[in-house]
Protein chains: 2
Amino acid sequence: MSEFIFKEQANTSLREKVTNDLREAILNGDLAPGARIKEMDIAEQMKVSRGPIREAIRQLEREGLLVSYPYKETVVADLGASEVQHILNPIRFHIEWYVVRTYLNLMDDDFFAKLQAIVDDMHASVAGGEKNRLVDLDLLFHHSILELATERTVMLTWQSIVNQIRLHFAKNLPFFDHDHMASDHQALLDAFRSKELERIQAAIVAHLGSDENLLCFSR
Amino acid sequence: MSEFIFKEQANTSLREKVTNDLREAILNGDLAPGARIKEMDIAEQMKVSRGPIREAIRQLEREGLLVSYPYKETVVADLGASEVQHILNPIRFHIEWYVVRTYLNLMDDDFFAKLQAIVDDMHASVAGGEKNRLVDLDLLFHHSILELATERTVMLTWQSIVNQIRLHFAKNLPFFDHDHMASDHQALLDAFRSKELERIQAAIVAHLGSDENLLCFSR
DNA sequence: CAAATAAATATTGTTGACAATATTCAAAAT
DNA sequence: ATTTTGAATATTGTCAACAATATTTATTTG
């Protein structure tokens, strides 16, 4: 057989689509924090049975987007800014810094080009006022970095926090300096290109570490 | 109505019991890393239908104990020691250090007594050769600390890694110095009692931070 | 005999019905 | 009027049957 002409057809189960759609609705704000999730409602709107819905709920619960009270109800989670600042962002920082310093040698021209394309798109999004796209690109940038790692735990941990970060963005995006968001990632990329660990660390700290919660790692 | 005489009856769904039993089996080693999980097998052994089993699988997947390949199979996850060292333990460190420095004022005599009882039990477990109990007590010690925090994210993050830590323990316990495990926690507790932040930080670093991955935080 | 094809089996994915639990609302009692 | 009780309703939890997909085995074909 000829090989690798076509990309493998994604075998997405209904459950997976439901999970994605539900997550999207939460991050959109269509389902605001505190909103109750009624299985039957969702099932009817999506024209599927409750089975896949329930499985999706279990998954989103573990992603921190839903909170479920047995035999009672499940509601959309709320998230304080301080939790992002003191807990989630430091974890992001830690993982990313680990991956970067461990897999720096895997960063080649192709990789840099890919990141540069994302940053360029970010600038375009800012200019065009496409705020949601800006968030997607921001997280895609970081996702691309984490893809360098082979450890399953890296992606697993990322997935356990990334959607809470998205929720935070959705809530607070209006208060962010969008220009700064784009140029910040350019600075990160430039630091990667230099391959100087200290400069890279400083860039990541500047990007993720707030002044209130300064982190310094050695090695 | 009279009040607070009886403890609230735990309303555990079947799904929850299944989740706990499955998790237990994995951590016991009854289901070793790589072992395939056949829904029907489990369902028949537990005498329940596949519904709750599938929901439990989704949950344990997000806890990092199972890996699921759609339409194919789900297997018990494997975990490298380096992932614990470089990713999970640093996250533990971060959360615990955040909670301790933030909620230090909540540590009262009752709290210390509770931790002391756990440490005493640890020593007893070492003497009695009850290794699994030692692990439980170790993690209970840290869980008790995290309970000081009110942020939902703290427990959520802990839950997303604690069972992987347990899996790591189950795999490597024979190579640990059990005496040292117990006395290490006594040192932590003594540091808490002193309420000196620098001493506490040093104790946590000594406990969780390896020399290869030294962490230092300010504030 | 080796490779391709097709039938048979095993396993996961989905559904709709039924059971258990919680909530709401109206009637009764104090 | 307030509380208590109990029926009615809504919602979540569980199940067993059916559908879709993957794997294995047997069969054919060159």
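On a predicted model such as this, the values are computed, not experimentally measured, just so you know. Throughout, a chain's letter reflects where its sequence line sits, starting with A, and its residues are numbered from 1.
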For atom CG of Leu14(B) and atom C1' of dT12(D), their distance in whole Å: 13 Å

Interatomic distance where CZ belongs to Arg36(A) and P belongs to dA22(C) [whole Å]: 12 Å

Straight-line distance of Leu66(A) CG to Arg58(A) CZ, nearest 0.5 Å: 9.0 Å

Over 12 foreign heavy atoms within 6.0 Å of CG, Asn105(B): yes

Contact nearer the 5' end of DNA chain C, comparing Ile37(B) with Ser49(A): Ile37(B)

Atom pair distance, as rounded to whole Å: CD1 in Ile53(B) and P in dG13(C): 14 Å

Minimum-distance nucleotide to Asn11(B) side chain [options: dC15(D), dT21(C), dA17(D)]: dT21(C)

d(NZ, Lys38(B); P, dT23(D)) in whole Å: 12 Å

Atom-pair distance (NZ on Lys47(B); P on dA16(D)), nearest Å: 12 Å

Phosphate-side-chain proximity, Lys72(A) and dT23(C), N/O vs OP1/OP2 below 4.0 Å: yes

Side-chain (Arg152(A)) to main-chain (Asp78(B)) donor-acceptor, under 3.5 angstrom: yes

Lys17(A) NZ to dA20(D) P, straight-line distance once rounded to whole Å: 13 Å

Between dT9(D) (P) and Glu73(A) (CD): distance, integer Å: 22 Å

Sugar-phosphate, base or nothing in reach of Arg15(A), heavy atoms under 4.0 Å: sugar-phosphate

Which nucleotide in dT11(C), dT21(C), dT12(D) has an atom nearest any side-chain atom of Tyr71(A): dT21(C)

Options dT14(C), dG13(C), dT11(D), nucleotide nearest the side-chain atoms of Arg50(B): dG13(C)

Upstream residue (5' side of DNA chain C) when Glu55(A) and Pro70(A) are each assigned their closest nucleotide: Glu55(A)

Atom NZ of Lys171(B): over 12 foreign heavy atoms under 6.0 Å: yes

Length of the line joining Glu16(B):CD and dT12(D):C1', which is rounded to integer Å: 13 Å

Validation row, ring centre His207(B) to ring centre His142(B) under 6.0 Å: yes

Side-chain N or O of Arg54(A) closer than 4.0 Å to phosphate OP1/OP2 of dG13(D): yes

Sugar-phosphate, base or nothing in reach of Gly51(A), heavy atoms under 4.0 Å: base

